[in-house]
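Inspection log for the structure reproduced underneath, given as structure tokens.
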Amino acid sequence: MTGLDRFNRALRGLAMGVSLVALVACTNMVGSGVSVTETGNRPAPVVVPSGTDPDDAVIGRREHPRIIASYGGVYSDRKAEVMLARIVGRLLAAADQPNTQFTVTILDTPEVNAFALPGGYVYVTRGILALASDTSELAAVLAHEIAHVTLRHARARTNRVRTTEIVDRVVTGIFGADTSTDQTANRSRMSLAAFSQQQELEADREGVRIAGRAGYDPHAAARFLGAMGRFARFTAGEAEQGGDFLSSHPSTPDRIQKAIESAREIGAPGSGETDRAGYMAAIEGLNFGDNPDEGAIVGRRFIQPARKFTFTVPEGYTLQTSGNAVVGVAGDGEAVRFDSAEVPASMALADYLKSGWIAGLRSDSVVTERQNGVEMATGVATTAQWSFRVSVVRFEGQVYRFIFAAKADSQRFARGAEETLRSFRASTGNDLAQIRPLSVRIVTAGPGDTADSLARRMANLTRGPELFYILNNLYPGDRVEPGARYKIVGID
């Protein structure tokens with residue numbers, strides 16, 4: 001169990017409990033009348049697939065703007081949008097759903113995720129576009145989700161969710177019963193309920209058949225499952241994967257083997273289209289990693305350029321964005337979570353701390369102060385196995401929260417939490433100049449290149465060479481094909 005996993009368990013013990021709305025997981029897709037949500041976050045047109053339950057259409061229309069807001073908005077990339085529309089059109093025809101309409105939205109998040117809302121709203125993240133290596137792999141993801149629709153899994157899952165309380169494992173960590181004043185809980189309440197293992201295997205089989213009938217390489221599904229597994233291991237302990245495509249679609253060896261067996265029924269590897277060159281051209285320039293507008297991590301510092309603040313965590317902590325929060329872990333014994341909350345301007349920060357959203361808070365420990373011109377309040381909370389230092393700050397009218405957790409309270413732990421709080425301040429031009437956005441670049445292998453020589457082009461990034469191998473489904477020592485195109489991540 002990683003330090004982050006233990007922290008999430010600790011936060012669940014701190015929480016008072018929260019009721020969240022669950023939606024249908026995965027990527028449901030159908031329709032040759034495929035539209036792609038365009039830039040500027042303009043509302044997608046209302047589309048209702050034939051045979052859709054009226055309740056599904058209501059759910060989709062209601063939750064679509066919340067999904068957009070929860071995942072950082074719409075990502076605009078015309079080349080990728082055109083590619084998606086073409087793939088979906090072919091898959092829908094192969095699934096005998098040529099007249100059904102769906103709207104495909106690219107979400108501006110690095111999470112590796114693909115899912116849909118009832119009523120015809122389909123989402124892929126730029127994270128999943130970066131991980132796939134050719135058109136057939138992206139088609140495999142989308143075909144899997146079309147299969148969920150044609151097999152009626154979404155309807156069965158929706159019926160079950162309506163009678164079951166689904167609690168998002170990240171949000172549950174800290175938020176109490178009153179979510180009306182909690183911005184992060186509101187943004188994250190769209191926890192996507194996973195399909196059952198049997199439903200996933202059924203969708204795997206049917207998705208391979210759909211992709212094969214559409215002319216794509218049927219073995220792409222197994223390749224991408226393997227890539228997802230490698231990426232999940234790469235990010236383990238660094239980012240919370242709750243609710244995303246990796247956690248709801250586990251890449252077990254047995255599942256990969258079953259996908260291979262289904263593909264062999266259609267043809268041998270290479271029997272279908274992969275269009276690697278076309279895919280690389282479509283994703284060239286794709287933003288990679290966190291959206292700098294949502295905040296950037298520079299060493300132990302977090303810089304928020306849009307809201308113009310920054311803070312630094314103690315030495316030994318590794319920071320990572322996690323959904324709508326920033327999470328830091330120091331070994332297995334300490335962690336911190338930073339997020340925001342909706343608190344009325346008329347409510348004092350001390351009163352907010354005492355309002356019941358924290359279990360085990362010692363009311364007599366709550367103190368208020370001002371640091372760097374910022375209003376702050378801090379308190380101590382304890383559960384059976386963990387100690388917490390919880391602080392809230394009000395900056396430019398918005399309230400932000402720091403939750404430090406340790407297995408045992410100590411002067412060092414308290415000092416680290418205090419130093420972090422005191423470091424919170426308005427950002428300067430020098431702070432903002434340290435933010436360096438990343439993007440996917442496509443390079444052509446030369447006659448003397450190897451996987452290792454190409455991987456070294458990412459040596460300026462933390463664990464960059466390791467990431468190169470995963471993004472290109474290669475291993476150290478592998479040969480590369482001269483003239484072939486490969487993905488690297490570079491600083492813009």
Determine, stepwise, if the pair K258 / D204 fulfils salt bridge (charged side-chain N to carboxylate O under 4.0 Å, His left out).
CA-CA 8 Å; K258 283 181 167 58; D204 282 348; over 6 Å; no
One pair to check against side-chain contact (heavy atoms from CB on, under 4.5 Å): L319 and V327. What are the steps and the verdict?
CA-CA 6 Å; L319 285 178; V327 176; over 6 Å; no
Smallest separation among heavy atoms of A147 and G207, with atom names
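The pair with the smallest heavy-atom distance is CB-N, 3.7 Å.
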Please determine which of Q304, Q434, R301 meets the side-chain hydrogen bond (donor to acceptor under 3.5 Å, both in side chains) test together with T310.
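Only one option passes, and that is R301.
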Would a 4.5 Å heavy-atom cut-off, applied to side chains only, mark [X] and [Y] as touching?
X    : Y    : value
L131 : E137 : no
P110 : T125 : no
D431 : R425 : yes
I403 : V390 : yes
E315 : R300 : yes
V393 : V399 : no
L438 : D290 : no
V489 : L461 : yes

Rounded to the nearest 0.5 Å, how far does [atom2] of [Y] lie from [atom1] of [X]?
X    : Y    : atom1 : atom2 : answer
S391 : F404 : OG    : CZ    : 8.0 Å
I128 : I106 : CD1   : CD1   : 12.0 Å
N287 : D108 : CG    : CG    : 6.5 Å
T109 : N291 : OG1   : CG    : 9.0 Å
M376 : F395 : CE    : CZ    : 10.0 Å
D254 : L201 : CG    : CG    : 7.0 Å

Using the side-chain contact (heavy atoms from CB on, under 4.5 Å) rule, take L361 and V380 through it: C-alpha gap first, then chi angles, then the decisive distance, then the call.
CA-CA 6 Å; L361 178 72; V380 175; 5.9 Å; no
Does the pair D452 and R456 meet the rule for a salt bridge (charged side-chain N to carboxylate O under 4.0 Å, His left out), with working shown?
CA-CA 6 Å; D452 299 339; R456 286 195 290 272; 5.6 Å; no
[X] side chain to [Y] backbone, donor-acceptor under 3.5 Å:
X    : Y    : result
W386 : A381 : no
R126 : G289 : yes
N113 : V124 : no

When you compare the side chains of S423 and T312, does any donor N or O come within less than 3.5 Å of an acceptor on the partner?
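No, T312 and S423 have no side-chain donor paired with an acceptor closer than 3.5 Å.
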Consider only side-chain N and O atoms of H144 and E206, and report whether a donor and an acceptor are under 3.5 Å apart.
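Short answer, no.
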Residue pair I68, L107: steps toward the side-chain contact (heavy atoms from CB on, under 4.5 Å) verdict:
CA-CA 7 Å; I68 296 296; L107 297 171; 4.0 Å; yes
Which pairs pass salt bridge (Lys or Arg N to Asp or Glu O under 4.0 Å) with one or both residues in residues 376-390, sequence neighbours excluded?
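For residues 376-390: R389-D409.
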Could you give all pairs that pass the salt bridge (Lys or Arg N to Asp or Glu O under 4.0 Å) test and reach residues 361-379, with sequence neighbours left out?
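Every salt bridge (Lys or Arg N to Asp or Glu O under 4.0 Å) pair that includes a residue of residues 361-379, provided the two are not neighbours, is R362-D364, E375-R394.
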Test log, rule salt bridge (charged side-chain N to carboxylate O under 4.0 Å, His left out), inputs E418 and R415
CA-CA 5 Å; E418 181 180 356; R415 186 169 55 251; over 6 Å; no
For a side-chain contact (heavy atoms from CB on, under 4.5 Å) check, start with the C-alpha distance between R412 and E334, then their side-chain angles and the critical distance, and finish with the verdict.
CA-CA 11 Å; R412 183 190 56 78; E334 294 183 13; 2.4 Å; yes
N472 and side-chain contact (heavy atoms from CB on, under 4.5 Å): which partner among Y475, Y469, F468?
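Filter result, single survivor: F468.
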Can you tell whether the side chains of R463 and E466 come within less than 4.0 Å, N to carboxylate O?
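Salt bridge between R463 and E466, a charged N being under 4.0 Å from a carboxylate O: yes.
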Salt-bridge test for E200 and R255: reply yes if a basic N is under 4.0 Å from a carboxylate O, no otherwise.
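Yes, E200 and R255 are salt-bridged.
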For atom CG of N460, is the number of surrounding heavy atoms from other residues, nucleotides or ligands below 6.0 Å larger than 12?
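Yes, CG of N460 has more than 12 neighbouring heavy atoms, counting only those of other groups under 6.0 Å.
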Q371 atom CD, over 12 foreign heavy atoms within 6.0 Å
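Atom CD in Q371 is packed in, count exceeds 12.
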With a 6.0 Å cut-off on ring centres, are Y123 and H64 close enough?
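Yes: the rings meet the under 6.0 Å criterion.
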Before giving the answer on salt bridge (charged side-chain N to carboxylate O under 4.0 Å, His left out), spell out for K308 and E396 the whole-Å C-alpha distance, their side-chain angles and the decisive distance to 0.1 Å.
CA-CA 9 Å; K308 298 182 179 179; E396 301 293 338; over 6 Å; no
Kindly write out the residues that satisfy ring-ring contact (aromatic ring centres under 6.0 Å, His included) with F338, not counting sequence neighbours, or none if the list is empty.
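By the ring-ring contact (aromatic ring centres under 6.0 Å, His included) rule, F338 matches F309, F311, Y400, F402.
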